[in-house]
Amino acid sequence: MTVRVRIAPSPTGDPHVGTAYIALFNLIFARHFKGKFILRIEDTDQTRSRPEYEKNIIDALRWCNILWDEGPDIGGPYGPYRQSERTEIYQKHAYELVEKGKAYKCFATPEELTEMREVAAAQGKRAGYDRRYRNLSPDEVREREEQGQSYVIRLKVPLTGDCIYDDAIKGRISSPWADIDDQVLLKSDGFPTYHLANVVDDYLMKITHVIRGDEWMSSTPKHILLYESFGWKAPTFMHMPLLLGKDGKKLSKRKNPTSIFYFRDSGYLPEALINFLTLMGYSMPDEKEIYSIDEIVETFDAKRIGISGAFFDIQKLNWVNQKKIIETIPEDQLWNRLVEWQFNEGFMRKLMPLAHTRIKTFSDFMQLFDFLFISDLKMTPDLLCPKNTLPELVSCIIQAMIWSLDEQEDWTGEGIEKASHVAAEAFGVHHKKVVMPILFATIMGKHQGPPLFDSVTLLGKDRTRVRFLLAIETLGGISNKKMDKLKKGWEKRDLKALAADQGSAGSA
Ligand code: GLU
């Protein structure tokens, strides 16, 4: 048997370190067993998937030097490797399950589904769908179809018993079928859900081991049932421990730096990032912490993969990075690497228009642009809070700007400018006297500097986001309760009451 493994990222956001982490273990596994490593793009979520996110995933993994043998960019014998190009395959398979009596057409309307969910919640049940269309007679089905009623295709999940399987990392797993809804496989628009597309593709692409994060464990019983329903042999499942943030929860962009580009732009070495990521899920036999991918490929043993989540500790990453700089970059090469990073013609030329009229001597240059080259920007509540504006309000304004930027999907200078006006208006605070000083302090760690919005474009989305998060953290964070209140006000774009509550003198 040739080992074939894959990563199957959805192009719905910035390239996440979690994707690199899972990709790495798949790559190591494939190389160790002399198998193949495949990249498949799972872009079935039409509303959230974007081609530019796919490009970013590819660029980010390449930057990490994580390279695949088959994928949408290079093709391969089992393509296409982009799910949006395989819709007919999924449709055919969904109808095959209906034919076999393993799945059925469900005509529930959105109103019916809401009602079912409410009833189930009141009864304290985990599953929310009451299976009312599971046993329609063929005539009833035909009649509804003739009336033009739309339907989805659902999987017939057993009503009793347990799904039991052996995870190659976690051991024997058992979960009761009663907790699992009759999963939708094909939506009414003819597009597949993740579960159907994922299983059909893993089968057709001859995947032997599914190595993915713990967060997918709740989906695995559905996948196992799908394999059984089709009459296929399931691959071996291996669920990797999750990367955790400081709060012990799954590493999320809402609280932590997560974009691979953040690490690239902040001057980390790709070889350090991947060494560090393997450390998060694996321990080398001799407890060695600095090694190359070749070393782990050679000695790889799945038993050495951790069971529980690993804290993504930036201090540790910094330590690994320093070791790698010392070990892998000879002194006479260091300058070349810095040039490659940011001290290059292309980047410096972009700074010249911003510098031209703002330096008295050349030696002012570094002071003017220090914030573009340092990660550890010094921020203090004093610096971040404009006159008469309390830290609580400042952190809420920053959080609202993050939401605004994510909604408009534009983190360039132009996007920040828009977001800053939206926030000023929503909170009823003065744009120039309140929001702009906050932005200067957050982005540059000072109140004056080169033009802010052009600077943000140069700093880049990922470092900008992390500065926003750092500012909120410096101000003491936002409690869950406050966050809920803020979110509600934000949805209505009306946060004037909240601003008044938190004492702002800088009203519009
Ligand atoms: N599309 C899923 C993701 O975004 C794939 C999960 C899996 O590996 O099955 O990670």
Side-chain angles (χ1 to χ4, degrees), residues 3-30 36-51 53-58 60-61 64 66 68 70-72 78 80-87 89-90 155 163 165 167-170 173 183-185 187 191-227 232 234-243 250-253 258-260 277 281 305 309:
V3 162
R4 289 178 58 83
V5 293
R6 66 7 174 222
I7 49 156
S10 299
T12 53
D14 300 317
H16 199 285
V17 279
T19 304
Y21 164 71
I22 296 296
L24 258 173
F25 280 95
N26 276 280
L27 176 76
I28 291 165
F29 194 86
K36 297 279 184 228
F37 169 49
I38 291 123
L39 169 67
R40 180 173 75 228
I41 296 292
E42 298 209 331
D43 56 350
T44 51
D45 184 341
Q46 292 226 296
T47 50
R48 295 175 59 223
S49 299
R50 304 259 185 286
Y53 290 142
E54 174 184 320
K55 182 179 177 303
N56 287 347
I57 291 172
I58 290 181
L61 291 175
C64 292
I66 297 175
W68 41 96
E70 298 166 28
Y78 300 94
Y81 294 90
R82 195 177 286 114
Q83 290 190 326
S84 57
E85 293 164 25
R86 302 171 63 86
T87 313
I89 301 177
Y90 310 126
L155 181 64
C163 172
Y165 68 96
D167 184 293
I169 296 174
K170 302 263 189 286
I173 305 289
Q183 176 62 48
V184 174
L185 302 177
K187 295 181 261 182
F191 281 93
T193 56
Y194 152 68
H195 306 283
L196 176 69
N198 185 274
V199 166
V200 167
D201 283 351
D202 280 348
Y203 173 74
L204 294 177
M205 295 181 183
K206 297 203 169 20
I207 300 302
T208 54
H209 297 76
V210 169
I211 307 172
R212 61 183 172 199
D214 268 5
E215 77 261 47
W216 300 101
M217 279 185 88
S218 58
S219 299
T220 308
K222 297 173 192 173
H223 297 180
I224 288 181
L225 180 61
L226 271 167
Y227 284 101
W232 300 334
T236 302
F237 289 97
M238 302 173 68
H239 289 100
M240 295 287 304
L242 284 186
L243 299 179
K250 188 183 158 196
L251 197 71
S252 131
K253 72 168 184 191
T258 54
S259 166
I260 296 170
L277 286 173
I305 294 177

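Source: prediction; values computed, not measured. Reckoned from all heavy atoms, side chains included, excluding hydrogens, waters and symmetry mates. Order of appearance sets the numbers: ligands from 1, and atoms from 1 within every ligand.
Listed by atom number, the atoms of ligand 1 under 4.0 Å from Trp216 heavy atoms are 2 (C), 3 (C), 4 (O), 6 (C), 10 (O). Interface of Asn198 with ligand 1, defined as ligand atoms under 4.0 Å from a residue heavy atom, comprises 7 (C), 9 (O). Of all the atoms in ligand 1, the ones that sit under 4.0 Å from a non-hydrogen atom of Ser10 are 1 (N), 4 (O). Less than 4.0 angstrom separates some heavy atom of Glu42 from each of these atoms of ligand 1: 1 (N), 2 (C), 5 (C). Annotation for ligand 1: atoms under 4.0 Å from non-hydrogen atoms of Arg212 are 7 (C), 8 (O), 9 (O).
Ring to ring, Phe29 and Phe25 are not that close: their centroids are 6.0 angstrom or more apart. With ring centers used as reference points, Tyr90 lies 6.0 Å or more from His195.
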(message) ring-ring contact (aromatic ring centres under 6.0 Å, His included) for Trp68 and Tyr81? Distances and angles first, verdict last.
(response) CA-CA 12 Å; Trp68 41 96; Tyr81 294 90; over 10 Å; no
(message) With ring-ring contact (aromatic ring centres under 6.0 Å, His included) as the criterion, how do Tyr203 and His223 come out once you've worked through the C-alpha distance, each side chain's angles and the decisive distance to 0.1 Å?
(response) CA-CA 11 Å; Tyr203 173 74; His223 297 180; over 10 Å; no
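Using a cut-off of 4.0 Å between Lys/Arg side-chain N and Asp/Glu carboxylate O, Arg86 and Asp201 are scored as salt-bridged.
Between Ala8 and ligand 1, at least one pair of N/O atoms sits closer than 3.5 Å.
Ligand 1 is never approached by His223 to a heavy-atom distance shorter than 4.0 Å.
For CZ of Arg48, the number of neighbouring non-hydrogen atoms (other residues, nucleotides, ligands) closer than 6.0 Å is 12 at most.
Using a 4.0 Å cut-off between heavy atoms, Ile22 makes no contact with ligand 1 at all.
What sits closest to atom 8 (O) of ligand 1 on the protein, heavy atoms only, is Arg6 NH1, 2.6 Å.
For residues 215-225, the pairs satisfying salt bridge (charged side-chain N to carboxylate O under 4.0 Å, His left out) are Glu215-Lys250, with sequence neighbours left out.
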